[in-house]
Each structure stands twice: as C-alpha cells, then as structure tokens.
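Each chain gets a letter, A, B and so on, in the order its sequence line appears, and its residues count up from 1. The structure presented is a predicted model; accordingly, all values stated were derived computationally and were not measured. Just so it is clear, the values below take in all heavy atoms, side chains as well, and ignore hydrogens, waters and symmetry mates.
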Protein chains: 2
Amino acid sequence: MSSIRYALLSLLAREPLSGYDIKQQMNNRLGPFWKAGSNQVYPELAKMEEEGLIRLQGVEQLTYRPARKVYEITESGRQVIIEWTMEPGEVEHIRDNFLLKAYNSWLVAPEKMYEQLEGIKKQHEERLAAYLEKIAELETMRTHGNEQDPIASSISVVEFGVEYERLYIKWCERLMAKQQQ
Amino acid sequence: MSSIRYALLSLLAREPLSGYDIKQQMNNRLGPFWKAGSNQVYPELAKMEEEGLIRLQGVEQLTYRPARKVYEITESGRQVIIEWTMEPGEVEHIRDNFLLKAYNSWLVAPEKMYEQLEGIKKQHEERLAAYLEKIAELETMRTHGNEQDPIASSISVVEFGVEYERLYIKWCERLMAKQQQ
DNA sequence: GAGGACATGTAAACGGTTACATGATTAC
DNA sequence: GTAATCATGTAACCGTTTACATGTCCTC
C-alpha cells in the first residue's frame with residue numbers, strides 16, 4: 001500500500017510544506033492517527049519529486065542550518081491522491097496490544113487487571129481532551145456551509161478520534177466494574 | 001514488542017494447539033483483531049520451544065501429510081505471558097487508511113465520497129454481524145459468575161469489536177448525510 | 001480435472017521504529 | 001553547560017505481507 005506516500009500527498013494537497021513540517025504535523029498535531037520518521041519522509045519526498053508528483057517550490061537558506069526545502073503538489077500529484085481517495089478499499093483490522101492483554105485477563109488477579117485498566121483509561125482520557133481541543137481550534141478556522149472545505153474534513157477525522165476515545169473509556173469502565181465483583 | 005510471540009502464548013495458555021490451528025484461530029475466528037502468516041508462526045514456535053516457553057505435546061502423523069505438531073505452554077511460558085499482561089504499556093495510535101481518505105474528502109465530488117462511505121459502511125456492518133454471532137456462540141460456552149473464565153475474557157474483547165463497528169457505522173452515516181447537503 | 005482443505009515450512013520484499021550524524025541558535 | 005529547536009539525511013534492525021514450495025485427499 002505504501003500508505004506513507006498517500007499521507008504525504010494528503011498533507012501537500014492542502015498547502016506547501018517542508019519535510020520537517022510534515023513530520024511535525026504528523027507526530028504532533030494528528031499524532032495518534034499517523035506517524036512517520038525522517039527516514040520515511042525525506043527519501044519518499046525525493047522519489048515523489050523525481051516522479052513529478054511534487055515539485056520544489058523554494059528553498060529557505062539560513063547559513064547556520066540545512067536548507068529548508070519546501071515542496072508543493074503538482075497537478076499530476078493531485079490526480080494521484082484524488083484517484084486513491086476514490087478507490088474502493090478493504091477495511092483493516094484493529095491492532096491494539098491492550099486488547100490482547102484483555103484477552104489474557106482471566107490469567108491475572110482482578111486487582112492487577114483493575115490497575116492496568118485504570119492506567120489505560122487515563123491515557124485515553126488525555127487523548128480525548130486533546131482531540132476536543134483540536135476540534136475547538138479547527139472550528140474557528142472553518143468556512144461555514146462549505147463542505148469542500150479541507151477544515152471540515154479534518155474535523156470529521158478528529159471527531160472519529162473523539163468517539164473512539166469515548167468508546168475505549170466506557171469499555172475500560174465496564175471491565176473495571178467486572179474486576180470488582 | 002514482538003507482539004506475535006505474545007499472541008501465540010495467549011492462545012496456547014488456553015489450550016494446546018498446532019501452528020496450523022493458531023493460524024486458523026487468528027485469521028478466521030478472531031480475524032479482524034490479529035493476523036499472522038505461516039512465516040511468522042512456525043519459526044516463532046520453534047524459537048519458543050528452544051527457549052522452553054512451550055513444549056511439543058505430541059505429533060499426529062497421517063502418512064500423506066506433514067506431521068501435525070501440537071504444542072502446549074510450559075510453566076515458564078505461563079509466567080512470561082502473565083508478566084507481559086500485567087506490564088504497563090503505552091496506548092497505540094489508530095491506523096486506518098480510510099480515515100486518511102476521509103481527510104481528503106474535500107478533494108472529491110460529494111457523490112463519489114457518498115459511494116465510498118456506503119461501501120465501507122457495508123463492510124463494517126458485516127463485521128458487526130459476525131461479532132454478534134461470535135458473542136452469542138461464546139455466551140453458550142461460558143461458566144457463569146466466574147470472571148477467571150477465559151471465555152469471559154474473549155467476550156470482552158469481541159464486545160470491544162462490536163462497539164467499534166457500531167461507532168464506525170454511525171460515523172459513516174453522519175458523513176454520508178453531510179455529502180448530501 | 002480444477003480448486004480447496006490440510007500441514008509444514010522458506011524466501012523476498014516492504015514498511016516502520018529507533019538510533020545516529022551534523023551544527024548553530026536559543027532558553028534555562 | 002545542558003537541553004531543546006530547527007532541518008536535513010543515513011543505517012541498522014525488526015515485524016509484516018505476499019508469494020512460493022511440497023503433496024495428498026476430498027468435493028464439484
């Protein structure tokens with residue numbers, strides 16, 4: 001699938017960015033959705049430039065720092081990402097190690113499992129708070145009544161995250177109650 | 001993390017199994033949660049046997065077929081999986097390509113996006129039905145009032161799946177409504 | 001006679017994570 | 001003086017996916 005390529009094009013379809021910007025957007029802002037390391041971002045940008053999907057928009061040079069290379073998407077790159085977005089795909093499977101731990105809960109003392117659940121629940125509560133904040137921020141930037149607004153798409157994705165975290169928290173609470181019976 | 005090792009031990013903690021059985025359980029029954037290929041299962045079983053985490057319980061030989069090697073967990077393996085289950089861990093990020101497509105929905109015609117959502121929703125509805133069936137099946141096997149019953153743990157995990165699919169379906173419906181505005 | 005189930009395994013390719021390397025500036 | 005930020009990139013490793021290989025039995 002090489003999903004990293006599509007992730008990069010998805011971001012560049014919105015605005016010109018440098019490799020560093022892309023890493024920041026992925027790891028800080030939309031962190032829990034996708035992540036990427038420099039080793040994936042920089043070589044992939046180089047490949048995509050060769051293939052004409054993106055082009056160097058400009059280079060910002062400060063003497064004491066590596067040149068900041070800002071890329072923009074080309075018409076060809078836009079077509080590729082649009083095609084991919086419309087392409088039908090298979091649903092993927094949930095991959096979460098904590099579910100595997102829950103599958104083993106019968107093996108451990110209920111008090112121990114309760115502690116585990118408490119810790120995981122807390123982490124999901126933090127994520128939930130971060131997503132809600134992110135949505136509030138995005139709402140202020142939104143062009144109302146325009147569903148072709150990229151901000152509206154961003155909000156939809158983060159809303160998924162909100163619902164996911166709420167589900168996870170509720171599920172933890174239900175399991176915690178069971179450990180106390 | 002080498003989560004494949006923990007997945008194998010989690011299954012073997014419940015009952016003795018062959019490599020083939022394990023693949024079946026992962027890819028058919030609990031499919032959408034974890035998957036594994038033969039290239040992961042067989043070498044990992046061999047390594048775990050060497051390390052004394054599992055042992056060969058017996059070999060069923062039919063002349064016309066490779067010998068069916070059934071493994072059982074050892075006390076040492078049991079300790080390893082219990083330790084891991086109680087070990088605190090970081091929450092993982094959601095990795096789902098369709099969310100990336102939704103992030104790009106502003107790029108495509110609303111009718112096209114509607115079709116995409118319809119297809120994905122359908123797939124999640126099928127999964128939901130399969131999970132509900134699985135739970136009904138598990139409920140009949142359950143030892144009631146015993147939370148140390150492995151079946152109860154299985155049910156909890158599949159219940160997570162149920163809630164996840166319901167969330168996904170609702171989210172698709174909300175987005176579909178937006179495409180029609 | 002074609003294809004799937006059973007049952008083990010290997011090989012090659014891909015994708016992702018962690019760590020390394022450089023080097024000046026700024027903040028504590 | 002220590003650590004973080006900015007900014008590019010490389011190297012080594014690990015885990016996963018897909019395909020290949022063998023061989024018989026059973027069903028359509």
Side-chain angles (χ1 to χ4, degrees), chain A residues 1-9 16-29 31-50 54 56-71 89-97 100, chain B residues 1-9 16-29 31-50 54 56-71 89-97 100:
Chain A
M1 284 242 165
S2 184
S3 79
I4 189 66
R5 160 161 299 201
Y6 298 116
L8 300 185
L9 282 176
L17 294 164
S18 71
Y20 191 83
D21 293 336
I22 288 171
K23 259 178 61 200
Q24 291 307 100
Q25 290 213 11
M26 289 187 131
N27 298 341
N28 301 341
R29 292 184 208 196
F33 290 104
W34 303 283
K35 292 221 166 186
S38 6
N39 65 320
Q40 288 186 279
V41 172
Y42 295 114
E44 196 63 35
L45 285 173
K47 265 189 242 166
M48 292 200 296
E49 199 196 356
E50 251 181 68
I54 59 175
L56 208 54
Q57 192 203 39
V59 178
E60 289 163 34
Q61 181 72 66
L62 277 162
T63 46
Y64 60 85
R65 219 183 260 173
R68 188 180 132 84
K69 295 157 81 176
V70 178
Y71 292 96
E90 294 287 298
V91 304
E92 279 147 72
H93 63 272
I94 311 167
R95 177 175 289 288
D96 184 314
N97 275 327
L100 191 52
Chain B
M1 284 239 168
S2 184
S3 77
I4 189 65
R5 159 161 299 201
Y6 298 115
L8 300 185
L9 283 177
L17 295 164
S18 71
Y20 191 83
D21 293 336
I22 289 171
K23 259 177 63 199
Q24 291 308 100
Q25 290 214 11
M26 287 187 133
N27 299 341
N28 301 340
R29 293 185 207 194
F33 290 105
W34 304 283
K35 293 220 165 188
S38 7
N39 65 323
Q40 288 187 282
V41 173
Y42 295 115
E44 195 64 35
L45 285 174
K47 263 188 244 164
M48 291 199 297
E49 199 196 355
E50 249 181 70
I54 59 175
L56 209 53
Q57 193 204 37
V59 178
E60 290 163 33
Q61 181 73 65
L62 278 163
T63 45
Y64 61 86
R65 217 183 260 172
R68 187 179 133 84
K69 294 157 82 177
V70 177
Y71 292 96
E90 292 288 297
V91 305
E92 279 146 74
H93 63 274
I94 311 168
R95 176 176 291 287
D96 184 315
N97 275 326
L100 191 51

Point to revise | Interatomic distance where OH belongs to B:Tyr42 and P belongs to D:dG15 [whole Å] | key: 20 Å
Exercise for review: Using atom CD of B:Glu60 as one end and atom P of D:dC25 as the other, report the distance to the nearest whole Å.
Suggested key: 18 Å
Exercise for review: May I ask you to evaluate whether A:Tyr20 reaches the phosphate of D:dC6, defined as a side-chain N or O under 4.0 Å from OP1 or OP2?
Suggested key: yes
**Study point:** Pairing residues for A:Asp96 by the salt bridge (charged side-chain N to carboxylate O under 4.0 Å, His left out) criterion, not counting sequence neighbours
**Key:** none
Review point. Across the strands shown, which category fits B:Ala36 at heavy-atom distances under 4.0 angstrom: base, sugar-phosphate, nothing?
Key: nothing
Revision key, fill the gap. 5'-most contact on DNA chain D (nearest-nucleotide basis), A:Arg68 vs A:Pro43, goes to A:Arg68
Practice item. Report the residue (A:Gly37 or B:Lys23) whose heavy-atom-nearest nucleotide on DNA chain C is the more 5′ of the two. Key: B:Lys23
Review point. Looking only at side-chain N and O atoms, does B:Arg95 come under 4.0 Å of OP1 or OP2 in C:dG15?
Key: no
Check your understanding: For D:dC6, does OP1 or OP2 lie under 4.0 Å from any side-chain N or O of A:Ser18?
Key -> no
Check your understanding: Quick one: do A:Lys47 and A:Glu50 make a salt bridge, cutoff under 4.0 Å?
Key -> no
Exercise for review: Give the rounded distance in Å between these two atoms: CE of B:Met26 and C1' of D:dG15.
Suggested key: 13 Å
Exercise for review: Can you tell me the distance, in whole Å, between the CG atom of B:Asn97 and the P atom of D:dT17?
Suggested key: 13 Å
Exercise for review: Can you pull out how bent the helix from C:dG1-D:dC28 to C:dC28-D:dG1 is, comparing the axes over its first five and last five pairs, to 10°?
Suggested key: 40°
**Study point:** Set of residues satisfying salt bridge (charged side-chain N to carboxylate O under 4.0 Å, His left out) with respect to B:Glu60, sequence neighbours excluded
**Key:** B:Arg68
Exercise for review: Not counting sequence neighbours, which residues clear side-chain contact (heavy atoms from CB on, under 4.5 Å) with A:Ala46? List them please.
Suggested key: none
Taking only nitrogen or oxygen atoms into account, show me every contact under 3.5 Å that the protein makes with nucleotides 19-26 of chain C, one pair per line with its distance.
| residue | atom | partner | partner atom | Å |
| --- | --- | --- | --- | --- |
| C:dA24 | O4' | A:Tyr64 | O | 3.4 |

Study note, to complete from the structure: Hits for side-chain contact (heavy atoms from CB on, under 4.5 Å) against B:Pro43, two or more places apart or cross-chain, chain-then-number order -> none
Review point. Starting at CD of A:Glu90 and ending at C1' of D:dT18, how long is that distance when rounded to a whole Å?
Key: 15 Å
Exercise for review: Compare the minimum distances between each of C:dG15, D:dG9, D:dT17 and the side chain of A:Gln40, then state the nucleotide with the smallest one.
Suggested key: C:dG15
